[in-house]
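Reading through the structure tokens given below for one structure.
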Amino acid sequence: MDNQELAKLQLYQMIAAIPHGRVASYGQLAHLAGRSGAARWVGYCLRHLPADSNLPWHRVVTASGKLAFSVNSHNYKRQHQLLVSENIHLQHHKVDMKQYQWRP
DNA sequence: AGAATGACGTCTG
DNA sequence: ACAGACGCCATTC
């Protein structure tokens, strides 16, 4: 198994470790997976996540606390709803990172 | 091989 | 606070 697959597995592991009610940023996860600066790679991995995976992908937001989808998209609404179900509410389309960001 | 793409981040004005 | 410009990484055309 090459380093790529290893980083991906580590990434999935970190995402699975995000506690209920907290969020992590793409860049933060890249760093935790041993790939500092590869925030866009994290986005790529999530984009191609199998539908049956049980990862809490909705707990992943941008560094500024915004959701990575356009506000009118279906995915945005879905992620928003999942966050609200965890008692995370958006203010002006943003998560309050000071309050909700996961700090391992 | 080189350019384009995207579920990103940071710096600047 | 916010939009635009650049920079990044891996992947795809």
Side-chain angles (χ1 to χ4, degrees):
Chain A
M1 164 183 312
D2 57 37
N3 206 348
Q4 292 283 346
E5 298 292 329
L6 215 59
K8 190 175 285 191
L9 289 180
Q10 186 133 27
L11 172 63
Y12 292 158
Q13 201 169 341
M14 295 319 299
I15 297 177
I18 305 174
H20 182 283
R22 314 303 303 281
V23 299
S25 77
Y26 292 87
Q28 177 185 3
L29 290 170
H31 184 73
L32 290 173
R35 294 223 152 162
S36 303
R40 305 191 82 140
W41 168 73
V42 174
Y44 179 88
C45 291
L46 287 187
R47 186 71 189 80
H48 295 281
L49 209 57
D52 59 340
S53 89
N54 205 25
L55 282 183
W57 59 268
H58 56 279
R59 299 183 186 144
V60 185
V61 300
T62 72
S64 62
K66 293 189 294 192
L67 310 194
F69 303 104
S70 50
V71 294
N72 46 23
S73 68
H74 177 256
N75 277 333
Y76 184 98
K77 293 171 187 153
R78 190 151 71 108
Q79 182 173 14
H80 178 48
Q81 175 199 333
L82 287 167
L83 289 175
V84 168
S85 77
E86 299 195 354
N87 214 25
I88 302 175
H89 295 269
L90 303 191
Q91 306 288 331
H92 306 102
H93 289 161
K94 289 192 304 184
V95 173
D96 183 353
M97 296 304 273
K98 284 191 92 86
Q99 181 177 359
Y100 293 110
Q101 183 169 35
W102 176 43
R103 299 178 231 287

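Model, not experiment: these values are computed from the prediction. Each chain gets a letter, A, B and so on, in the order its sequence line appears, and its residues count up from 1.
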Minimum side-chain heavy-atom gap A:Q79-A:V61 below 4.5 Å:
yes
First encountered from the 5' end of DNA chain C, between A:R35 and A:H92
A:H92
Beyond-backbone contact of A:L67 with A:N75, side-chain heavy atoms, under 4.5 angstrom
no
Using atom P of each nucleotide, how far apart are B:dA7 and C:dC6 to the nearest Å?
22 Å
With side chains defined as the heavy atoms from C-beta onward, is the minimum distance between A:R59 and A:H20 less than 4.5 Å?
yes
Given atom CH2 of A:W57 and atom P of B:dC8, what is their separation to the nearest angstrom?
13 Å
Whole angstrom is fine here: how far is it from OH in A:Y44 over to P in B:dT5?
15 Å
Quick one: which protein N/O atoms are closer than 3.5 Å to N/O atoms of nucleotides 9-13 of chain B? Pair and distance per line, please.
residue	atom	partner	partner atom	Å
B:dG9	OP1	A:Y26	N	3.4
B:dG9	OP1	A:G27	N	2.8
B:dG9	OP2	A:A63	N	2.8

Taking atom C1' in both B:dA1 and C:dT12, compute the distance separating them and give it to the nearest angstrom.
14 Å
If you count every heavy atom of other residues, nucleotides or ligands that lies below 6.0 Å from A:H48 atom NE2, does the total exceed 12?
yes
When hydrophobic residues are tied together by side-chain contacts of less than 4.5 Å, even through go-betweens, does A:F69 share a cluster with A:Y44?
no
Taking CD from A:Q79 and P from B:dC8, how many angstroms apart are they, rounded to a whole number?
11 Å
Return the value, rounded to whole Å, for the distance between atom CG of A:L55 and atom P of B:dA7.
18 Å
Using chain A heavy atoms and a threshold of under 4.0 Å, write down where along DNA chain C the contacts begin and end, 5' to 3'.
C:dG7 to C:dT12
Validation: residues 93-104 of chain A side-chain donor-acceptor distances under 3.5 Å, sequence neighbours left out:
residue	atom	partner	partner atom	Å
A:D96	OD1	A:K98	N	3.2
A:Q101	NE2	A:Q28	OE1	2.9
A:R103	NH2	A:K98	O	2.8

Euclidean distance, A:Y26 OH relative to A:I15 CD1, rounded to 0.5 Å
9.0 Å
Atom pair CG/CH2 of A:L46 and A:W41 - distance to nearest 0.5 Å
9.5 Å
Would you mind reading off the distance between A:Y76 atom OH and B:dA7 atom P, rounded to a whole angstrom?
16 Å
Could you check A:A38 against A:H48 and say which one's nearest nucleotide on DNA chain C is further toward the 5' end?
A:A38
Considering the options A:E86, A:H80, A:R78, which one meets the side chain to side chain contact (heavy atoms under 4.5 Å, CB included) requirement together with A:H58?
A:E86
